[in-house]
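Report on the following structure.
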Amino acid sequence: MHELIIDGKPVAFNSGETILQAAKKAGIYIPTLCWDERLKPSGACRMCVVEVEGSHRLTAACHTPARSGWVVHTASQKVHEARKLIVELMLASHPGEEECSDCVKCGSCVLQSWAYAYGLREPAMPMTCRHCERPYCKEVCQSAAIVKKGNVVFIDYKKCNGCRECAMVCPTGVIRWDGKKMTVRKCDLCIDETSKGGLPACASVCPSGALEFDDMDVITGRKKKKAAEKIRTAALAGNSEKNR
Amino acid sequence: MAKENKVLFTHPDKCISCKTCEDACAEAHDGISNIEVVAFPKKGRFDGENHKYETVLTDPFIVRDNNKCVMCGKCVRICQEVEGRGVLTLSNRGFGTKIEPAFNLPLKETGCSFCGHCVSVCPVGALVEKNTFTKDRTWREFLLKKTETTCPYCGCGCVMEINSKDGVIAKITSPVGKGSNNGSLCVKGRFGYEFVNSPDRLKKPLIRTSSKKAAPKFRQASWGEVLKLIAKKFSAAKKKNPDSFAALSSARCTNEENYIFQKFARMGMGTNNVDHCARLCHASTVTGLLMAFGSGAMTNSIADLENAEIIFVIGSNTTESHPIIGLRIKKAVRERGAKVILCDPRKIELADYASVWMRQKPGTDVALLNGLMNVIVHQHHQKHRSFIKNRTENYEEFYNSIKDFTPEMASEITGVPAEAIRDAGTMLARSNAACFVYSMGITQHTTGVDNVLSVANIAMLTGNVGRTGTGVYPLRGQNNVQGACDMGALPNVYPGYQNVADAAAREKFEKAWGAKLPEAPGLTVTEIMDAVYHGTINTLYIMGENPVLSDPDSTHVKKALKKLDFLVVQDIFLTETAQLADVVLPAVSWAEKDGTFTNTERRVQLVRAAIPGPGEAKADWEIVKLIAETMGLAGFKFNTARNIFREMATLTPQYAGMGHGRLEETGGLCWPCPTPDHPGTPILHTEKFTRGLGKFHAVSFRPPAENPDKEYPFLLTTGRILQHYHTGTMTRRVGGLNHIVPEAFVEINPKDATKLKVGEGDFLKVASRRGEIKIKARVTERVTKGVVFIPFHFAEASANVLTSANVDPLAKIPEYKVSAVKIAKA
């Protein structure tokens with residue numbers, strides 16, 4: 001067994017294991033695109049680059065065997081800049097922003113979530129946290145700052161170490177970087193109000209009814225009813241036209 | 001999405017971008033807003049020329065949009081490294097680089113197996129499933145409900161996730177790192193789910209209104225009415241003579257359903273006449289391996305195949321019939337240099353991977369194996385000798401039977417060059433770890449048990465049992481055929497292979513069930529059909545089987561079923577068999593019920609309901625329970641599948657340590673698992689064989705029951721293809737699968753085709769002594785001269801009209817693999 005330090009955490013690894021495998025064992029998330037545990041690493045996409053102290057350039061974690069004594073940073077400024085550039089280049093020849101929400105993969109697309117995380121693209125509508133059943137952000141959080149209480153996913157800002165990994169995995173791109181406080185931020189569903197039966201701030205002020213706060217089933221049910229009504233009236237109108 | 005999960009619902013059409021919500025949020029959260037509203041498209045630093053490829057919509061199941069591709073190359077590598085196909089590639093260079101199959105051909109012409117693995121790894125929207133592609137935004141992946149369950153097709157037992165929405169299956173994915181498949185699925189598993197939401201599904205019980213001879217006419221009835229009718233008829237049959245009743249269980253149903261079904265037949269009806277389609281696929285294995293090892297199951301796990309040095313495959317088209325096990329074999333060859341020795345009359349895909357390929361004549365397997373063993377005994381390795389001495393018995397008799405059977409003699413019978421037999425024998429004798437994979441190619445013969453015994457002999461002779469990388473692999477054909485046998489849906493054993501003729505075992509079950517149980521073993525599937533034909537059985541209850549297509553000699557089966565007084569068929573569709581029934585009961589499919597399946601490696605895995613069943617359809621176990629309760633029988637008070645499993649586990653020693661809760665935690669356990677803290681047993685016979693010592697059997701060659709002659713000069717062999725499954729009730733209702741293989745075909749050698757003056761796609765009349773069918777020709781080198789192959793999935797040209805009902809004397813398995821036919825141009 002050897003040991004290296006990743007993000008200040010000592011991590012044990014077997015010889016031959018890559019930095020990525022070691023990080024995975026320690027529960028440290030490194031974003032990957034072309035890597036898959038069943039395939040030989042190809043190091044094509046460079047999304048998994050990390051900074052190794054003493055090396056003058058960045059290293060791809062997926063195909064670099066870990067060495068004893070290395071000090072690795074997976075979320076330094078330099079790393080984030082490099083990753084942002086990679087995403088930017090990929091987006092340059094990708095269909096435009098306006099098509100993004102029409103794509104089948106919208107919401108589960110890796111590129112989309114990164115584009116949102118680095119502020120390269122913006123969601124095409126007001127995006128609020130979905131408070132997922134299985135929150136990816138909670139799974140990757142290194143410092144256990146993200147917790148789920150009831151139906152609400154919270155960030156404990158005191159615990160957040162600013163690695164921004166939750167923002168990388170968020171499928172809807174609602175976790176944002178707060179440059180002043182050096183933590184991430186996201187919607188907490190105005191829990192003070194909603195726990196008392198009130199509305200969250202945004203929904204309470206929305207003038208056009210674009211933001212509502214209710215059970216998903218209630219809202220979709222209402223929409224379905226409305227659509228059915230529309231079809232029925234259209235059919236009736238069509239019939240009466242025929243009769244004429 | 002959980003029902004009580006309150007969400008903020010947003011709609012772009014309604015948002016007028018006043019940004020009041022943003023301000024409100026900021027006010028509530030120390031001046032920082034968590035919401036941002038509609039931003040207008042920004043210009044990126046690198047924006048320039050974009051690709052303008054057309055979206056490829058013409059392939060079945062898969063949609064390719066190269067504009068969205070980010071060139072990660074995952075699809076190319078997964079196709080090459082995991083699937084071993086190499087269909088996709090990065091073509092062109094520079095800006096023009098794109099992912100496409102060779103020459104940008106349609107996928108159907110490129111050797112693509114449509115496993116959909118490329119789609120599952122694509123991180124963006126470049127490769128997507130056609131089904132969700134055509135649907136609206138509410139069908140996005142992250143809005144779908146995911147249910148982890150087990151695949152309903154072959155015996156590999158792949159772990160899969162059903163993604164559903166409002167009771168409709170949207171797509172099927174597979175989690176990486178779980179089960180024996182590790183994220184791989186075949187075309188049937190990944191795309192063959194359309195049948196679940198088919199409009200043809202049975203939704204209400206049906207009662208026949210027309211006579212048996214006339215075209216089938218049914219009227220819908222209520223559950224109360226049909227249950228009363230069935231209870232009346234069954235009670236009358238029981239009163240008259242319990243043995244005039246027979247029940248066919250199903251390897252497609254869960255363990256719980258098989259358990260309750262055989263309990264109903266044995267305890268409720270008082271007969272042992274209960275059997276299922278294992279009789280038609282692996283009855284010879286259960287009989288043969290029981291005689292040799294003491295247990296009729298696969299000895300090692302699927303993952304263990306990758307540790308073998310030599311993989312000996314006989315009578316198994318693994319890559320088509322068990323695609324995920326085929327992947328393991330191909331991977332072992334590609335990555336570790338394992339050697340494949342293949343014995344198969346057809347040029348199947350594994351022939352390309354084989355070091356030695358022996359193309360024996362169908363039905364001559366015993367001669368081939370004896371020839372091989374003759375080579376092995378004459379250059380025996382020391383450590384094998386100690387295995388034979390310490391772990392086995394009856395070696396002398398066996399040795400005497402083969403010591404003079406030279407490869408030359410084997411060559412004469414089988415048509416395999418003696419040199420090839422010598423090579424293969426030498427390789428086997430010298431290897432440290434060899435495993436023996438076989439399947440229906442050797443079991444479905446009148447000499448099925450002999451074939452299986454020979455495989456057991458060769459495994460013991462080379463000392464390849466009970467260690468990692470070794471073992472005997474009888475590949476089970478259906479999702480739960482192992483489980484259905486374990487549950488005692490067989491005429492001669494109770495759950496856990498406890499013999500009905502054994503007084504102690506019978507007493508145990510009589511005590512547990514609180515009823516007198518019959519002593520004599522019951523009839524097998526083939527015998528039941530004969531008994532029906534001769535009028536000794538008048539009442540038949542079929543759960544989830546389609547014997548009209550699956551049993552040999554269809555004409556005979558149809559005639560027999562028409563003679564019945566009362567036939568109840570319980571199925572998800574109005575199958576060819578259901579059309580002959582008096583009462584048809586609507587059952588739910590695998591996606592709509594809870595339970596467990598036991599796969600070919602003895603791994604018990606959970607099946608979970610993902611969507612509600614159609615109309616009034618009920619789970620099979622519930623229907624059996626209702627019938628039993630209407631008949632006034634005690635002992636069927638089960639509310640859930642979990643309860644049935646609990647009772648079954650107390651009576652089945654192999655399953656004693658399992659329960660739904662534990663299976664959920666562990667993700668599946670291999671039996672035997674006798675106690676709640678036992679980790680399961682992936683490798684059998686490690687210290688000693690289940691029966692104590694492994695037993696050698698002297699087996700000599702017997703020819704098949706029906707051989708080609710002057711009048712019927714061709715030898716017909718039947719089997720499966722990758723895209724369809726069994727009698728096609730499920731897969732033939734899947735549009736894409738029908739697009740890939742739309743109709744039945746007969747494979748015929750070019751030499752024979754020239755002689756008969758037929759070309760590719762011409763219609764042929766294939767006739768045997770039992771019937772004739774009209775079928776399209778596929779001229780191919782896959783079969784040798786004088787041999788033709790027909791898959792049995794197609795009702796309009798059913799291969800089983802031609803096959804004979806000659807059975808193995810011990811296992812009663814019919815000889816599907818050899819029958820004599822004549823062929824003429826139609």
Side-chain angles (χ1 to χ4, degrees), chain A residues 33-34 36-40 42 44-45 88-98 103-111 120 122 124-131 133 151 171 174 176 178 185-187 190 194 200-217 219, chain B residues 1-12 14-16 18 20-25 27-29 32 34-39 41-42 44-51 67-68 70-74 77-78 81-82 121 123-125 128 132-133 137-138 140-143 176-177 182-183:
Chain A
L33 183 74
C34 71
D36 188 297
E37 65 177 65
R38 294 162 293 172
L39 301 175
K40 286 181 210 115
S42 76
C45 73
E88 219 173 338
L89 284 166
M90 279 193 285
L91 285 174
S93 57
H94 199 73
E97 197 156 355
E98 50 297 345
C103 176
V104 187
K105 272 286 178 84
C106 175
S108 53
C109 172
V110 178
L111 188 62
L120 295 166
E122 299 294 338
M125 50 180 158
M127 273 296 198
T128 50
C129 177
R130 302 190 65 85
H131 300 276
E133 246 175 80
N151 288 324
V174 297
R176 309 196 159 266
D178 183 351
R185 289 194 73 91
K186 80 168 198 65
C187 166
C190 293
T194 47
C202 54
S204 68
V205 297
C206 183
S208 61
L211 289 167
E212 288 180 70
F213 184 63
D214 210 333
D215 279 3
M216 186 73 164
D217 291 353
I219 295 171
Chain B
M1 202 117 326
K3 259 199 178 148
E4 66 280 2
N5 203 359
K6 292 210 165 189
V7 293
L8 283 161
F9 199 80
T10 59
H11 199 292
K14 273 191 189 163
C15 176
I16 50 176
C18 64
T20 319
C21 57
E22 212 179 325
D23 297 343
C25 184
E27 206 163 292
H29 295 90
I32 299 165
N34 292 319
I35 305 178
E36 272 182 56
V37 185
V38 191
K42 271 193 283 194
R45 272 195 285 169
F46 305 110
D47 281 0
E49 194 187 342
N50 258 11
H51 297 293
N67 297 325
K68 291 177 185 163
V70 290
M71 300 293 158
C72 66
K74 258 175 157 175
R77 287 185 293 142
I78 207 107
E81 290 177 29
V82 175
V121 295
V124 291
V128 292
T132 44
F133 184 81
R137 286 180 189 186
T138 55
R140 295 284 155 70
E141 193 177 323
F142 69 104
L143 294 174
V176 179
N182 194 13

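Numbered from 1 within each chain, the chains take letters A, B, ... in sequence-line order.
- The parts of B/N67 that come within reach of chain A are both its backbone and its side chain, each placing non-hydrogen atoms under 4.5 angstrom from that chain.
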_From CA spacing to verdict: side-chain contact (heavy atoms from CB on, under 4.5 Å), A/H131, A/C187_ = CA-CA 9 Å; A/H131 300 276; A/C187 166; 3.9 Å; yes
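- Smallest separation of non-hydrogen atoms from B/V124 and B/K68: CG2-O, 3.4 Å.
- In terms of heavy-atom pairs under 4.5 Å with chain B, the best-connected choice from A/V104, A/D36, A/L111 is A/V104.
- The closest donor-acceptor contact from the side chain of B/H29 to the backbone of B/C25 lies under 3.5 Å.
- Side-chain atoms of B/N182 come within 3.5 Å of backbone atoms of B/G177 as a donor-acceptor pair (strictly under, hydrogens ignored).
- Only the side chain of B/V121 comes within contact range of chain A, with at least one heavy atom under 4.5 Å from a heavy atom of that chain.
- Between chain A and the residues B/P123, B/A28, B/G125, the most heavy-atom pairs under 4.5 angstrom are made by B/P123.
- In terms of non-hydrogen atom pairs under 4.5 Å with chain B, the most contact-rich of A/K186, A/E37, A/R38 is A/R38.
- Across every non-hydrogen atom of B/A24 and A/V205, the tightest pair is CB-CG2, 3.5 Å.
- Contact tally against chain A (heavy-atom pairs below 4.5 Å) for B/E81, B/E141, B/R77, B/H51: the top residue is B/R77.
- Counting heavy-atom pairs under 4.5 Å between each of A/C45, A/C103, A/A44 and chain B puts A/C103 at the top.
- By the 6.0 Å contact criterion, CD on B/E27 is open, its count of non-hydrogen atoms from other residues, nucleotides or ligands being 12 or less.
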